[in-house]
There are 2 protein chains.
Amino acid sequence: MALRHAVLAALLDGESSGYQLARSFDLGMANFWHALPQQLYLELTKLEKDGLVEGRRVVQESRPPKRLFTLTEAGLAELARFAEASVKPSFIRDDLMVKVQAVDHVPVEPVLEQLDERGAMAAAKIDIFERFLRRLRGDLDEETFLATAERVGPYLTCLRGLRFEEETAAWCARTAGALRVRSGLTRGGPRP
Amino acid sequence: MALRHAVLAALLDGESSGYQLARSFDLGMANFWHALPQQLYLELTKLEKDGLVEGRRVVQESRPPKRLFTLTEAGLAELARFAEASVKPSFIRDDLMVKVQAVDHVPVEPVLEQLDERGAMAAAKIDIFERFLRRLRGDLDEETFLATAERVGPYLTCLRGLRFEEETAAWCARTAGALRVRSGLTRGGPRP
DNA sequence: GATCCCATGTAAACAGTTACATGATTAC
DNA sequence: GTAATCATGTAACTGTTTACATGGGATC
């Protein structure tokens, strides 16, 4: 199982609807997994059937009614069981890497554009993550926060997300720079 | 399609058997994708049927016969078409991140062990990648190599793989350190 | 009037993993 | 004799993505 435990982990920070989860699983907030709304609605239904989460219907005015889910005892136990099981290594699997791998045998311009685009997306995420981290740690410096706060899981995963995006941005810039030098252009390239 | 183009890109560096591809897709060499042997045999068969690769049977003594595949013109064209199509963003999807996200509500020791384990795996990969990069660039410094070499795709993707593993190792150490401080232990923790 | 956001879902297609199956050779 | 490496595949299962479907309210 895969998404299953990510959803359980996300619900540790309070009840949530499928829609809310989808938003945070899509853009940054929950930077430890990614999933589309459809998958979440499905998974939440299954989790409810298995007794790992509990849903309650909330009627709103001027909004469609929504279902808010909470972790159950059984859900928390399942999460604990999962945390103790051994991990499989994780891998990068990225179309853009495949394109760069092939870049010597394929038109360069579109790859350059995509590197720029990806770099910009990474920059946007860096911004979001930094703000999230600052919000979590408040006035404390990181060391103190990590040593004393009650909940540090989300901070630590966000830290990883931040470093990953920083690395992505740097690699995109470096790669695009090197490729531009090779193709004679110098727009956005490294220092002269 | 996903694995498909990764296989085509891998075949740019010469003909290869399913078995050889599986090895390099599993351990580092081709750090831009990951796949199991079964999937590769299947994919290569499909690619051959579609005329994107060509296979030839090679009988060996004291080894089972193997099938070596080469890119065709059509395969190269397909790769070019793929490189021009727009990219979707990529995401981290990692069980270990889910466990760290949940770490405040779940037993810490197993998570610490897994962080150490993952850190060690990352260190091993760093070693492999560094040696690969050094082999590719030979006597040249990186800047000169990237500016002048005929083929730089594999170097650039490996560079990304290297940074990713470095980041993984650092995060594992940092996270395990912080969690050990919190749980009173200090084995492997940060400076006192 | 069009588009975006909220809110939920079903169904089909596609991709990836796990289990099973075979069989020879080499190294310990 | 036991395990590892070479070498290929099939079948069943699980997980993810894409397409389709619905409908009201808010914003421009």
Side-chain angles (χ1 to χ4, degrees), chain A residues 1-8 15-27 30 32-50 53 55-69 82 85-95 98, chain B residues 1-8 15-27 30 32-50 53 55-69 82 85-95 98:
Chain A
M1 301 270 149
L3 175 61
R4 163 153 286 219
H5 300 106
V7 171
L8 295 176
E15 64 176 4
S16 181
S17 69
Y19 188 81
Q20 281 171 264
L21 281 178
R23 304 206 80 224
S24 71
F25 270 56
D26 188 47
L27 288 162
F32 61 97
W33 206 268
H34 171 253
L36 300 165
Q38 297 92 318
Q39 213 185 335
L40 285 164
Y41 290 123
L42 205 72
E43 196 63 47
L44 284 167
T45 307
K46 282 191 216 159
L47 284 168
E48 193 179 28
K49 210 187 60 193
D50 296 346
V53 305
R56 65 186 183 94
R57 195 180 188 74
V58 176
V59 185
Q60 311 169 97
E61 30 175 337
S62 81
R63 284 260 169 276
K66 60 182 169 183
R67 295 208 296 145
L68 292 176
F69 294 92
F82 165 72
S86 74
V87 261
K88 308 149 226 176
S90 80
F91 297 98
I92 308 186
R93 215 177 240 163
D94 186 345
D95 280 354
V98 176
Chain B
M1 301 271 148
L3 175 61
R4 163 154 287 220
H5 300 105
V7 170
L8 295 176
E15 65 176 3
S16 180
S17 68
Y19 188 82
Q20 282 171 263
L21 280 178
R23 303 207 79 223
S24 70
F25 270 56
D26 189 46
L27 289 162
F32 62 98
W33 205 267
H34 171 253
L36 299 165
Q38 296 93 317
Q39 213 185 335
L40 285 163
Y41 289 122
L42 205 72
E43 196 64 48
L44 284 166
T45 307
K46 282 190 215 159
L47 284 169
E48 193 179 28
K49 210 186 61 192
D50 296 346
V53 305
R56 63 185 184 95
R57 193 179 189 74
V58 176
V59 185
Q60 310 170 98
E61 29 177 337
S62 81
R63 284 262 169 275
K66 60 182 170 183
R67 296 207 296 144
L68 292 176
F69 295 91
F82 165 73
S86 75
V87 262
K88 309 148 226 177
S90 80
F91 297 97
I92 308 186
R93 214 177 241 164
D94 187 345
D95 280 354
V98 176

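Reminder, nothing fancy here: chain letters follow the sequence lines and each chain counts from 1. Both backbone and side-chain heavy atoms feed into the values below; hydrogens, waters and symmetry mates do not.
- Rounding to whole angstrom units, CD of residue B:Q39 and C1' of D:dT14 are separated by 13 Å.
- Among the nucleotides D:dT18, D:dG25, D:dT16, the one closest to any side-chain atom of A:L36 is D:dT18.
- The side chain of B:Q38 has C:dT18 as its nearest neighbour among D:dT18, C:dT18, C:dC6.
- Here D:dT16 is the nucleotide among D:dA7, D:dA26, D:dT16 with the atom lying nearest to any side-chain atom of A:L3.
- Within the 4.5 Å cutoff, the side chain of B:K46 has no heavy atoms near those of the B:V7 side chain.
- In this structure, A:R4 reaches neither bases nor backbone, as no heavy-atom distance under 4.0 Å exists between it and the strands shown.
- Between B:R23 and D:dA7, a side-chain N or O to OP1/OP2 separation shorter than 4.0 Å is absent.
- When all heavy atoms of B:L44 and B:V53 are compared, the pair lying nearest together is O-CG2, 4.0 Å.
- You'll find the side chain of A:W33 reaches within 4.5 Å of the side chain of B:D95, heavy atoms only.
- Here D:dT16 presents its C1' atom at 17 Å from NE2 of A:H5, a figure rounded to the nearest Å.
- Between A:S90 and B:D94, the shortest heavy-atom contact is OG-OD2, 3.4 Å.
- Atom-to-atom, NZ of B:K46 to P of D:dG9 comes out at 14 Å; the value is rounded to the nearest Å.
- When each of A:P64 and B:Q20 is assigned the nucleotide of DNA chain D with its nearest heavy atom, B:Q20 is the one assigned upstream, toward the 5' end.
- In this model, the phosphate group of C:dA7 is approached by a side-chain N or O of A:Q60 to a distance below 4.0 Å at OP1 or OP2.
- One can place CG of B:L40 at 15 Å from P of D:dC6, the figure rounded to the nearest angstrom.
- Between A:R93 and the phosphate of C:dT17, there is a side-chain N or O to OP1/OP2 separation shorter than 4.0 Å.
- Between A:E61 atom CD and C:dA7 atom C1' there is a gap of 16 Å when expressed in whole angstrom units.
- In this structure, A:D95 places its CG atom 13 Å from C1' of D:dT17, rounding to the nearest Å.
- When the P atom of C:dA12 is taken as reference, atom CG of A:L42 falls 14 Å away, rounded to whole Å.
- Proximity note for B:K66 (side chain, C-beta onward) versus D:dG25, D:dT8, D:dC6: the nearest is D:dT8.
- Taking atom CG on A:D26 and atom P on C:dA7, their separation rounds to 16 Å, with Å as the unit.
- Residue B:S17 has no polar side-chain atom (N or O) positioned under 4.0 Å from OP1 or OP2 of D:dC6.
- Note on ring orientation: taking the six-membered ring where Trp is involved, the planes of B:H5 and B:F82 are parallel (angle under 30°, cut-offs 30° and 60°).
- Considering only side-chain atoms of B:R67, the nucleotide from D:dT8, C:dT25, C:dG16 that sits closest is D:dT8.
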